[in-house]
Amino acid sequence: MTAIFLFTLHARNLAQLKEADVMIIDFTTVKKLRLIYRLSLAEMAALLGVSESHLWRVEKGERPINETMRQRCVEELELTSDKLTRLLDMYQDTLLPGK
């Protein structure tokens, strides 16, 4: 399955994405996935092939997430657009009211 990653929507022509599997994986998504899978910062960093400090900065929005990290995230967590949507919905459903 082909995955196209979008960091900013204006970077791609959405008309060309007819049958592609579209997933937006940004710094907030990475942190949510780490929390959903109950991974420590060290475990997620190892999974993505980066240092803990680099991942921490990515999660804070201080460093950009690169294509290699996105691809490792998809491969290691076996993500599809449907699975990612379900996981993020589950994350949203488990937040306390007002958070």
Side-chain angles (χ1 to χ4, degrees):
M1 180 175 289
T2 302
I4 297 175
F5 304 101
L6 301 175
F7 188 65
T8 55
L9 293 177
H10 68 276
R12 303 269 187 208
N13 181 352
L14 294 180
Q16 296 174 337
L17 302 177
K18 294 176 186 172
E19 295 184 23
D21 190 15
V22 179
M23 291 183 274
I24 299 174
I25 300 178
D26 62 9
F27 68 96
T28 60
T29 305
V30 171
K31 183 169 185 174
K32 289 173 185 176
L33 288 169
R34 181 172 68 79
L35 296 173
I36 289 166
Y37 281 96
R38 297 180 180 182
L39 298 172
S40 69
L41 196 64
E43 291 168 328
M44 186 67 155
L47 191 83
L48 299 179
V50 297
S51 68
E52 288 180 60
S53 63
H54 183 78
L55 180 58
W56 184 84
R57 286 181 176 88
V58 168
E59 287 186 356
K60 298 295 181 196
E62 294 176 4
R63 290 265 173 97
I65 182 171
N66 62 40
E67 288 302 316
T68 302
M69 289 176 67
R70 285 188 183 96
Q71 188 62 37
R72 297 254 343 228
C73 201
V74 169
E75 291 170 359
E76 295 295 330
L77 300 176
E78 299 178 352
L79 294 177
T80 63
S81 60
D82 289 339
K83 183 177 179 180
L84 180 60
T85 299
R86 287 192 316 271
L87 289 169
L88 295 177
D89 286 346
M90 183 174 54
Y91 176 86
Q92 192 64 36
D93 289 345
T94 60
L95 291 177
L96 294 173
K99 298 289 178 184

- Note on the structure: T68 meets the side chain to side chain donor-acceptor pair (under 3.5 Å) criterion, sequence neighbours left out, with none
- Note on the structure: With sequence neighbours left out, the residues meeting side chain to side chain donor-acceptor pair (under 3.5 Å) with R63 are H54
- Does the pair L87 and L79 meet the rule for a side chain to side chain contact (heavy atoms under 4.5 Å, CB included), with working shown? CA-CA 10 Å; L87 289 169; L79 294 177; 3.8 Å; yes
Restricting to side chain to side chain contact (heavy atoms under 4.5 Å, CB included), what partner residues turn up for [X], sequence neighbours left out?
X   : value
E75 : Q71
L35 : K31, Y91
T85 : D89
A46 : none

Identify the heavy atoms of [X] and [Y] that sit nearest to each other, and give their distance.
X   : Y   : result
M69 : L55 : CE-CD1, 4.3 Å
K83 : Y37 : CE-OH, 3.4 Å
L39 : M44 : CD1-SD, 3.7 Å
C73 : L33 : SG-CD1, 3.6 Å
I65 : D26 : CG2-CA, 4.2 Å

- Decide whether T80 and D82 meet the rule of one side-chain donor and one side-chain acceptor closer than 3.5 Å. no
- Please report the C-alpha distance between I25 and L84 in whole Å, then the side-chain angles of each, then the deciding distance to 0.1 Å, and finally whether the side chain to side chain contact (heavy atoms under 4.5 Å, CB included) criterion is met. CA-CA 9 Å; I25 300 178; L84 180 60; 4.2 Å; yes
- Query: Is there side-chain contact between T94 and I36, with heavy atoms separated by less than 4.5 Å?
  - Reply: no
- Message: For a side chain to side chain contact (heavy atoms under 4.5 Å, CB included) check, start with the C-alpha distance between V58 and L48, then their side-chain angles and the critical distance, and finish with the verdict.
- Response: CA-CA 12 Å; V58 168; L48 299 179; over 6 Å; no
- More than 12 non-hydrogen atoms from neighbouring residues, nucleotides or ligands closer than 6.0 Å to CD on E62, yes or no? yes
- Sequence neighbours excluded, every pair satisfying salt bridge (Lys or Arg N to Asp or Glu O under 4.0 Å) that has a member inside residues 34-46: R34-E59
